[in-house]
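Notes to accompany the following structure.
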Amino acid sequence: MEQRKISFIGSGNMARSIFAGMLSSGYKATQITATGRDESKLKHLCDCYGIHTTTDNNQAVEKADVVILAVKPQMMAEVCAQLQHLDLSNKLIISIAAGISAQRLNDMLAQEVALIRVMPNTPSLVGKGMSGLYASDKVSEDDKDFAGDLMAAVGEICWVDEESGINNIIAAAGSAPAYFFLFMEAMQKEAMAQGFNQDTARLLVQQSALGAAEMVIANPELDLATLREQVTSKGGTTAEAIRTFNEHHLSDIVAQAMQAAVKRAEEMEKLI
Ligand SMILES: NC(=O)c1ccc[n+]([C@@H]2O[C@H](COP(=O)([O-])OP(=O)(O)OC[C@H]3O[C@@H](n4cnc5c(N)ncnc54)[C@H](OP(=O)(O)O)[C@@H]3O)[C@@H](O)[C@H]2O)c1
């Protein structure tokens, strides 16, 4: 990956997962700065990762080629207000904050910047993330490549052409780990009701989920329906379970849940 000077404004869970991924992909620690409010947390980061740390957001932004805004959405206006007096015209700004539009970020920074919005998800913390990216008009192809490589350090990436696509990314990937947790939770509960202890029930479910996901990845030429059909013998036990899901309209429930996630993302954009 190209080695640019990069500063993370905010160094919580998501920032840490990204720079940890970058470091394990060979990015130089000396090129990375992370900011935060708590000196002791920053010292810990410095000791663990060898990166620069500071409580001074201005200083971190001034020296960076790329700035990653990684504070909570509700902190973003305050943090951006501190940066308004800086000339950001030669910097790539990446925001990972959910629910803050590019226009709103430009307003918060009081200037029009080369901005990429990234929507990562929590499996980024274990290097298995799925990130959606949207680039505003001012972003060069070079900067897009850089941002793509950056997020590829913690998983897979997907670009959207329209900013509204970020909300669809939230529905299909950002919120999706929780859908799978919910499904696994329900399976664990029923496995326990059928006599397994909690640990065994969890093992049965988690290993099946992992195996199914690995099979999907290992067979890109097979669509998901084919994979399902291949493990569903006519008149067998799986067929009976699938018939029950279909009888209760599982795919309608999933569609409604994903539409509800998009609607909520749109509402949240109006709140910040
Ligand atoms: N976690 C996810 O799954 C996920 C997924 C998609 C998008 N995101 C987005 O990622 C962003 C960060 O989320 P997170 O989960 O990493 O949150 P987090 O763990 O709470 O991290 C936020 C960080 O911001 C720091 N901070 C707060 N105010 C600051 C200031 N004025 N100057 C510098 N640093 C400041 C906090 O420092 P202190 O600890 O000192 O307060 C903390 O290190 C959010 O905008 C969220 O929407 C997260």
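All ligand and atom numbering here is 1-based and tracks the order in the structure. We count residues from 1, following the sequence as given.
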Side-chain donor or acceptor of Asn121 paired with backbone N/O of Met130 under 3.5 Å = yes
request  = Using a strict 4.0 Å threshold on nitrogen-to-oxygen distance, state whether Lys263 and Glu267 make a salt bridge.
outcome  = yes
inquiry  = Could you go through Lys144 and Asp149, starting from their C-alpha distance and side-chain angles, then the distance that decides it, and tell me whether this counts as salt bridge (Lys or Arg N to Asp or Glu O under 4.0 Å)?
reply    = CA-CA 9 Å; Lys144 280 182 75 174; Asp149 288 348; over 6 Å; no
task = For ligand 1, list the protein residues that place a heavy atom within a distance below 4.0 Å of one of its atoms, sorted by chain and number.
result = Gly10, Ser11, Gly12, Asn13, Met14, Thr35, Gly36, Arg37, Asp38, Lys41, Asn57, Ala70, Val71, Lys72, Pro73, Met75, Val79, Ile96, Ala97, Ala98, Met119, Pro120, Thr122
Side chain to side chain contact (heavy atoms under 4.5 Å, CB included), paired with Leu115, selected from Leu88, Ile93, Leu92 = Ile93
inquiry  = Taking Ile96 as the starting point, is it possible to reach Val71 by hopping between hydrophobic residues whose side chains are less than 4.5 Å apart?
reply    = no
query = Which of parallel (below 30°), tilted (30 to 60°) and perpendicular (above 60°) describes Phe183 and Phe245?
reply = tilted
